[in-house]
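The sequence lines fix the lettering, A, B, ..., with proteins before strands; numbering per chain opens at 1.
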Amino acid sequence: MARPEDLDPVLAELATRVTKALEAAGLPGAEPDFERPRQPEHGDWATTVALRLAKPAQRAPRDIAQAVVDHIELPAAVQSVDIAGPGFVNFRLSHAYFEDVVERIVAQGDRYGRRQRDEGQREMINIEFVSANPTGPLHVGSGRWAATGDSLAALLEADGHGVVREYYVNDAGEQVRRFGESIVLVARGELLGEDHYKGEYILDLAREIRLEFGDDFFVAGDGIHFPEDAHITGELSAQRVRERAADGPHDTGASGMVEPTLAAKVGEIGVRKMRDRIADVLRDMGVEFDVWFSERVMHDSGAVEQTIDELREKGETYEQDGALFLHTTAYGDDKDRVLVRSDGRPTYFAADCAYFRDKWQRDHTRLIYLLGADHHGYVGRLQAAARSLGIPEDRLEIRIGQLVNLLRGGEPVRMSKRAGELVTLDEVIEEVGSDVTRYHFLRQSLDSMIDFDLDEVVKQSMENPVYYVQYAYARINSLVRTADDRGFAHGELDEADLGRLTAPAELELLRKLAELPEVVAEAAELLATQRLTRYAEELASSFHRFYTECRILPSDDPDASSSTTLLDTTDEERAAAEALGRARYWLAVAAKQVLRNVLDILRVSAPERM
RNA sequence: GCCCCCGUAGCUCAGUGGAUAGAGCACCGGCCUCCGGAGCCGGAAGCGUAGGUUCGAUUCCUACCGGGGGUACCA
């Protein structure tokens, strides 16, 4: 459990002092907990230790709180302490503490908010996400996992861990053959069956492969040739594709047969092409995977057989009806799972096991899976598989995210790859942009279903909160540019008198800036990106208020202030105003840095101008 | 049937046992002679229902109501 006192030496010291105060008062020892009060009047930190101790100590909470206050020696950075409500002990930090925060932010730059961990504390985390089958383009729903997984990875890095972003490519087995068959049939202008993949992209692939490998590529042994006029064929096929898709379940099946070896070959080529396209779209979204793990390669290497052997040797398996089962119920699964079918072919589940083994052997200390709710049924068997392979229970974390509800004008749009009726991620990115799309997904909890109404998102893109945050950043950049243009003498940070920052808006912003390290730690622990987006919005809000209420640069308009101020202003007052301006300038610079650091973790761009 | 997620303001959502439950959108009323109005300030409005645990419950437990998803020798 991340505790705020682990992140802040001042708070750690305060915790020690509270413990000592309890001892000095003759009260039972207790770990004081700290939380940030909602109301600013309640100070910067509060502990409920008096409330918790009331029962074991047999004393009224307020009495205990009073005893703490009477006996505590406050650290220098803590200005005051008082008791409130039923027995809260509230602490207020000194202004010097916040001045120090500004200095730390400017000194640490990009590192502010990030955690440095010792070797022993640092994990090597593998996070697997998206992993959509490479038999079709990514749809909008996958965008949620792309955005969330990538930002979680950045978040865990910020929390001081090593992270590997991984995509498991299901490029083996029956579906690849069927995928290849679909391409061949379309290339030949034949009808597709109910189980075939449909959609314009199949036609595109057929064209592409024909161009690359030549007209004869799709020639079948029985004399069926790839039609000479590709254009006409294409139109025909596309039309038929649509008809068949609309036809639905009473489909009678494909009009032609495809040789298994050709289907496999074409499937392999098609999958490779689709994988590249998927990688392109993800890159457009700013997501770069470290590892594209091929299931086929794993099969070819014999790793699946080895894993099955290993499981057999460990006594985790048994045979029944000619099939080999993994005894997953021993680890809480609903039913035992088949590893090898009675016909000798390994199941996908066997590959999943082998994949686990591979990942674990690559020296990861923690495995995270980000899965959609449609895969919820897999959790039990995946957990069991990991345990069977000797991966400790707490080293595997499977996070289920609720699905994205794709709408268009309030009407549901089906997202079925086979039916070919899907709205692809690249279309959406092109239409509304990567930042808006990402932020939209990152803003909500994984537990909540997201409505993605294409019409609404396009309409609302200008009022998306991401612009609110980015605007704050652009605004500060503009301020800095203007300061430079006018030759504003902001001096160095250590020359600025930050003690002058005492206006409510200034204090609010200072407090908010100080929160980042703990927001990062909490978000990382909970794997919750929405903690970061909320913080970003709060920070932007604090800045906007500060900017509105607190003039930073001196007015460039001599007439503007001449009538009253210039005449009445003494040198002393003018010097004070200048000093305040310099302090505010550095506060704005610190805010800019923190906004940038948050946006970096969200992996949303921080524009200098908008 | 069993399992998982959700139910918080008119709408979309935050809030991992603490004090007076917060944002955005929408609505109403204000705010720039000057650093970016994509902004700021103010107003109205809410924890599905019923029990339980606790000093304290939106949060944890149970039941019920309502919505979504999952339950293959599929891939």
Any idea how Tyr355(A) and Tyr168(A) line up, ring-wise: parallel (<30°), tilted (30 to 60°), or perpendicular (>60°)?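 Ring orientation of Tyr355(A) relative to Tyr168(A): parallel.
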When the ring planes of Tyr585(A) and Phe488(A) are compared, do they come out parallel, tilted or perpendicular, using 30° and 60° as the limits?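 Tilted: the ring planes of Tyr585(A) and Phe488(A) meet at 30° to 60°.
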Does [X] reach a base, just sugar-phosphate, or nothing at all? Heavy atoms under 4.0 Å.
X         : result
Glu522(A) : base
Ser478(A) : base
Ala528(A) : nothing
Arg341(A) : base
Ala474(A) : base
Met610(A) : base
Ile400(A) : nothing
Ala373(A) : sugar-phosphate
Thr347(A) : nothing

Looking at the side chain of [X], which of [options] is the nearest nucleotide?
X         : options                : answer
Arg551(A) : C34(B), C73(B), A19(B) : C34(B)
Met449(A) : G68(B), A19(B), G69(B) : G68(B)
Glu549(A) : U58(B), G36(B), C41(B) : C41(B)
Thr548(A) : U16(B), C6(B), G39(B)  : G39(B)
Phe88(A)  : C35(B), A19(B), C40(B) : A19(B)
Arg486(A) : G18(B), C13(B), C34(B) : C34(B)
Ser445(A) : A14(B), C5(B), C40(B)  : A14(B)
Gln175(A) : A75(B), U12(B), A19(B) : A75(B)
Asp321(A) : A19(B), G18(B), C73(B) : C73(B)
Pro37(A)  : A19(B), C13(B), G18(B) : A19(B)

Tell which nucleotide pairs with [N], taking only Watson-Crick or G-U wobble pairs whose two distances are both under 3.5 angstrom.
N      : result
G1(B)  : U71(B)
G39(B) : C31(B)
G10(B) : C25(B)

Pairwise [atom1] distance for [N] and [M], with rounding to whole Å:
N      : M      : atom1 : value
C40(B) : A21(B) : P     : 23 Å
G37(B) : G70(B) : C1'   : 49 Å
C28(B) : A44(B) : C1'   : 8 Å
U59(B) : C5(B)  : C1'   : 16 Å
A9(B)  : G15(B) : P     : 15 Å
G22(B) : U58(B) : C1'   : 12 Å
C32(B) : C27(B) : P     : 22 Å
C25(B) : G66(B) : C1'   : 25 Å

Flag the pair Lys512(A) / Ser541(A) as yes when at least one side-chain heavy-atom distance between them is below 4.5 Å, and no otherwise.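 The answer is no, as the side chains (C-beta and beyond) never meet within the 4.5 Å cut-off.
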Taking the basic N atoms (NZ, or NE/NH1/NH2) and the acidic carboxylate oxygens, is any pair closer than 4.0 Å for Asp33(A) and Arg52(A)? yes
Tell me whether the ring of His42(A) lies stacked over the A19(B) base, given a 5.5 Å limit on centroids and a 30° limit on the plane angle.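 Stacked: ring centres under 5.5 Å, planes under 30°.
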Do we count Tyr547(A) as stacking onto G39(B) if the rule is ring centres under 5.5 Å and planes under 30°?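 Tyr547(A) vs G39(B): stacking no.
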Tell me whether the side-chain N/O atoms of [X] come closer than 4.0 Å to OP1 or OP2 in [N].
X         : N      : result
Tyr468(A) : C40(B) : yes
Arg531(A) : U16(B) : yes
Lys55(A)  : U54(B) : no
Gln320(A) : C73(B) : no

Distance-only polar pair, side chains of Tyr318(A) and Asp336(A), donor-acceptor under 3.5 Å: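 There is such a pair (donor and acceptor under 3.5 Å, judged by atom type) between the side chains of Tyr318(A) and Asp336(A).
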Result for side chain to side chain contact (heavy atoms under 4.5 Å, CB included) between Leu446(A) and one of Thr148(A), Leu526(A), Leu527(A) points to Thr148(A)
Report the residue (Ile552(A) or Gly377(A)) whose heavy-atom-nearest nucleotide on RNA chain B is the more 5′ of the two. Ile552(A)
For RNA chain B, whose closest nucleotide is more 5', that of Val480(A) or that of Arg534(A)? Arg534(A)
hbond_proxy Asn90(A) side chain to A19(B) base (donor-acceptor, 3.5 Å cutoff): yes
So, the side chain of Gln470(A) versus the backbone of Ser605(A): is there a donor-acceptor pair under 3.5 Å, distance only?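 The answer is yes, because a donor-acceptor pair under 3.5 Å joins these two groups.
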Side-chain donor or acceptor of Asn90(A) paired with backbone N/O of Ala46(A) under 3.5 Å: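 Checking the backbone N and O of Ala46(A) against the side chain of Asn90(A), no donor-acceptor pair under 3.5 Å is found.
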